[in-house]
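For reference, the structure discussed in these notes is given below.
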Amino acid sequence: MNPSIFNTLTRKKETLRPEQANEAFKIYCCGPTVYGPAHIGNFRTFCVQDVLRRTLEASGVKVTYVRNITDVDDKTIRESMKLGMTLKDFTRKWEDKFHKDCDALNMLTPSVEPRATEHIAEQIAMVEQLVKSHHAYPTADGSVYFKISSYADYGKLSGLDTSALKTQNVNSAGDLNSADEYERENVSDFALWKGYKPSDGENFWESPWGKGRPGWHIECSAMAAKYLGESFDLHGGGIDLCFPHHENEIAQSACSLNVKSPARYWFHSAHLMVEGQKMSKSLGNLYTLDDLIAKGYTPMQVRFTLIAGHYKQQLNFTFKGLEDAKSAIFKLQKSLLQILENLKLTKEDFSEMISKDVKFDGTVFESAWNALCDDLNVPKTLGEIFTALADKSAPKTLEDVKALAGLMYALGLDIFADKQEASSESAPEEIRALAQSRWQAKKDKNFKLADEIRAQIGALGWTVLDTKDGFDLKKS
RNA sequence: GGCGUGGUAGCCAAGUGGUAAGGCAAGGCUCUGCAAAAGCUUCACUCGUCGGUUCGAUUCCGACCCACGCCUCCA
């Protein structure tokens, strides 16, 4: 079964098929701007895209996945200069951190991950092409702007009324859009190339219009065309990129490459709220992965939380939600362990089964898979998984377990990544000795002493949990 | 103002023209000294409000209320 998604361009749910049958499905996603640690809002988008890619793969489609690194823009330049670092050293540092976080969140590595600064020539070539075809014009300050009035379909993706746009001189905050600053012909014309300013420091490249640097939108168009061709299958990003970023990309590509739209499917995921509020630094509710790990949550719990809501739906991120995810994962582990035991299989066996080569048809998890293929309905998928797991009337077969492993591949949930609560081995010798003496007291039916020792252990920050024939120690 | 999304149990969240998946939390029971765990089990006559269409609407239509997002470089 081929997965479907809601295509922003057509405003319809569509089945995803590669343009050329038997060829790879080509995806381009806008990657991070590396000027600091990515936050969970960024990761919501990237995790959802990861699920899309994995689901396509599990459906038997080959995928080429390109996600760029934006390593030059106002923020990267400003922050690197503030620290006295070269732009490259600065951005590589945050790029490495981004990759570390992605790995922790069990995201697959992109097929290609191009950096904007390593594709300046391609960007300049595209801008030249646009200038030559009169879709763009240079200005006195050495910048080049795209002329949106030269492209009739501008605004089609985001449903923008361009006639209103052209006369719009005031933004939502009531401020005058500083149209004159760069001598733009029209306020809505956007920069393809930015002329050099002293505040750019050492960060500039030579171009036919003098030294400067590329505008933000052109990098994606140039790199997507280079690695995926003039037209590819799907372009993704956060909903905020729909306008103006993707709108501008379409305009650039359409006018320089002579295609209607660079991508046939446009995939946008909704934003993340935190405790009901927009996430922002000023509200102090902007979390990075490390922030959550420091609070004792695991990357897998974070991933579960980020993908558990539908991608088109705004997700309200809460710590209660993180707790819920923790319990849900634990429940999943327990049910699965029971099934594996019945089949005389181990966790390791299951881990080896996690693969994109799966058959879902005829298994108890067929409906879960169908839900995932239906516009990436992860909440329903999870519901179907739990329902199937709980259905005692259908004993699970090896094929069922393999199908579940396939679903775990698609969702990117490494279900045993989180150890089931720390166990006795990690406890200090002192605690273990105490626990041992309590166990002896208990066996001697000296419950008073046993409870005293338990209280003592509790005071030292550990909890004793009795099992059938022994005990576990847990950090409390 | 323009465009768009959503309002389903305490919280999160699917869904369908015929009377509401799932997760979390909570309650009850069983079980072991106790505790925890585990197992079993209960938990929306109701789907923002008001009208309309229909034999029948949470699901279709209209109006209204509320929340949220985008509107020039924020995933």
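Chain identifiers are assigned alphabetically (A, B, ...) following the order of the sequence lines, protein sequences preceding nucleic acid strands; residue numbering begins at 1 within each chain.
Each of A/His271 and A/Gly383 was matched to the nucleotide of RNA chain B holding its nearest heavy atom; the match closer to the 5' end belongs to A/Gly383. The residue among A/Lys392 and A/Arg11 whose nearest nucleotide of RNA chain B is located toward the 5' end is A/Arg11.
Taking atom OH of residue A/Tyr28 and atom C1' of nucleotide B/rA75, one finds them 14 Å apart after rounding to whole Å. Atom-to-atom, CZ of A/Phe317 to P of B/rC12 comes out at 15 Å; the value is rounded to the nearest Å. The distance from atom CD of A/Glu452 to atom C1' of B/rC34 is 14 Å, rounded to the nearest whole Å. Here B/rA75 presents its C1' atom at 13 Å from CD1 of A/Ile69, a figure rounded to the nearest Å. One can place CH2 of A/Trp439 at 14 Å from P of B/rC34, the figure rounded to the nearest angstrom. Rounded to an integer number of Å, the gap from CG of A/Asn248 to C1' of B/rU72 is 8 Å. A/Asn446 has its CG atom 16 Å from the P atom of B/rC34, to the nearest Å. Spacing between atom CG of A/Leu465 and atom C1' of B/rU32 amounts to 14 Å, rounded to whole angstrom units.
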Fill in the dot-bracket string of RNA chain B, one character per base: . for unpaired, | for a pair to another strand, ( ) or [ ] for pairs within the strand, taking Watson-Crick or G-U pairs under 3.5 Å.
(((((((..(((.....[...))).(((((.......))))).....(((((..]....))))))))))))....

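By the 30° and 60° cut-offs, the orientation of the rings of A/His245 relative to A/His217 is tilted. The aromatic rings of A/Phe204 and A/Tyr196 stand perpendicular to each other, their planes meeting at an angle above 60°, with 30° marking the opposite boundary. Ring geometry, A/His235 versus A/Tyr28: the interplanar angle falls from 30° to 60°, so the pair is classed tilted. In this pair, A/Trp266 and A/His268 present their aromatic rings parallel. The plane angle is below 30°, not in the 30 to 60° band. Ring geometry for A/Phe146 against A/His135 counts as parallel: the plane angle stays under 30°, on a 0 to 90° scale with 60° as the upper cut.
To the nearest whole angstrom, the two P atoms, one in B/rU8 and one in B/rG48, are 7 Å apart. Annotation: B/rA13 and B/rG17 have their P atoms spaced 23 Å apart (nearest Å). Here the separation of B/rG10 from B/rU19, taken at their C1' atoms, is 25 Å to the nearest Å. Comparing the same atom, C1', in B/rC34 and in B/rA26 gives a spacing of 23 Å after rounding to whole Å. Distance noted for atom C1' between B/rC55 and B/rG22: 33 Å (whole Å). Nucleotides B/rG4 and B/rA44 place their C1' atoms 30 Å apart, quoted to the nearest Å. When the C1' atom is used for both B/rA57 and B/rG52, the distance is 12 Å, rounded to whole Å. Between the C1' atoms of B/rA75 and B/rC70, the separation comes to 13 Å (whole Å).
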Short N/O separations, protein against nucleotides 13-17 of chain B, under 3.5 angstrom:
| residue | atom | partner | partner atom | Å |
| --- | --- | --- | --- | --- |
| B/rA14 | O3' | A/Asn377 | ND2 | 3.1 |
| B/rG15 | OP1 | A/Asn377 | ND2 | 3.0 |

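A/Val48 comes within 4.0 angstrom of nothing in the nucleic acid, heavy atoms only. Here A/Lys331 lies in heavy-atom contact (under 4.0 Å) with sugar-phosphate atoms only. Residue A/Arg438 is in base contact, counting any heavy-atom pair closer than 4.0 Å across all strands shown. Backbone-only contact: A/Gly237 has heavy atoms under 4.0 Å from sugar-phosphate atoms and none from a base. Within the nucleic acid shown, A/Ile385 has no heavy atom closer than 4.0 Å to any nucleic acid atom.
At a cut-off of 3.5 angstrom, counting only N and O atoms as typed in the model, there is no donor on one side facing an acceptor on the other between the side-chain of A/Asp240 and the base of B/rG69. Residue side chain A/Lys75 does not reach the base of B/rC73 through any donor-acceptor N/O pair under 3.5 Å, judged by distance alone.
A/Leu157 CG to A/Asn248 CG: the interatomic distance, rounded to the nearest 0.5 Å, is 10.5 Å. Note that OG1 of A/Thr91 and NZ of A/Lys93 are 11.0 Å apart. Values are rounded to the nearest 0.5 Å.
With A/Arg303 contributing its side chain and A/Leu411 its backbone, the two residues share a donor-acceptor pair below 3.5 Å. Side-chain atoms of A/Thr381 come within 3.5 Å of backbone N or O of A/Leu372 as a donor-acceptor pair. Under a 3.5 Å cut-off, the side chain of A/Asn68 and the backbone N or O of A/Gly31 do form a donor-acceptor pair.
Taking the ring centre of A/Phe471 as origin, the terminal cationic atom of A/Arg438 falls outside the region bounded by 6.0 Å and 45° from the ring axis.
Taking every side-chain heavy atom of A/Ala450 into account, B/rG33 is the closest of B/rG33, B/rG22, B/rU72. Among the nucleotides B/rA35, B/rA25, B/rA75, the one closest to the side chain of A/Ser327 is B/rA25. Of all nucleotides listed (B/rU72, B/rG69, B/rC34), B/rG69 comes nearest to the side chain of A/Met273. The nucleotide whose nearest atom lies closest to any side-chain atom of A/Lys334 is, among B/rA38, B/rG22, B/rA75, B/rA38.
Here A/Phe447 counts as stacked on B/rG33: its ring centre is under 5.5 angstrom from the base ring centre and the planes meet at under 30°.
Proximity of A/Ser158 to the phosphate of B/rC3: no side-chain N or O atom is located under 4.0 Å from OP1 or OP2. At the phosphate of B/rC3, neither OP1 nor OP2 sits under 4.0 Å from any side-chain N or O atom of A/Lys156.
Side-chain contact annotation: A/Asp444 with A/Gln440, donor-acceptor N/O pair under 3.5 Å present.
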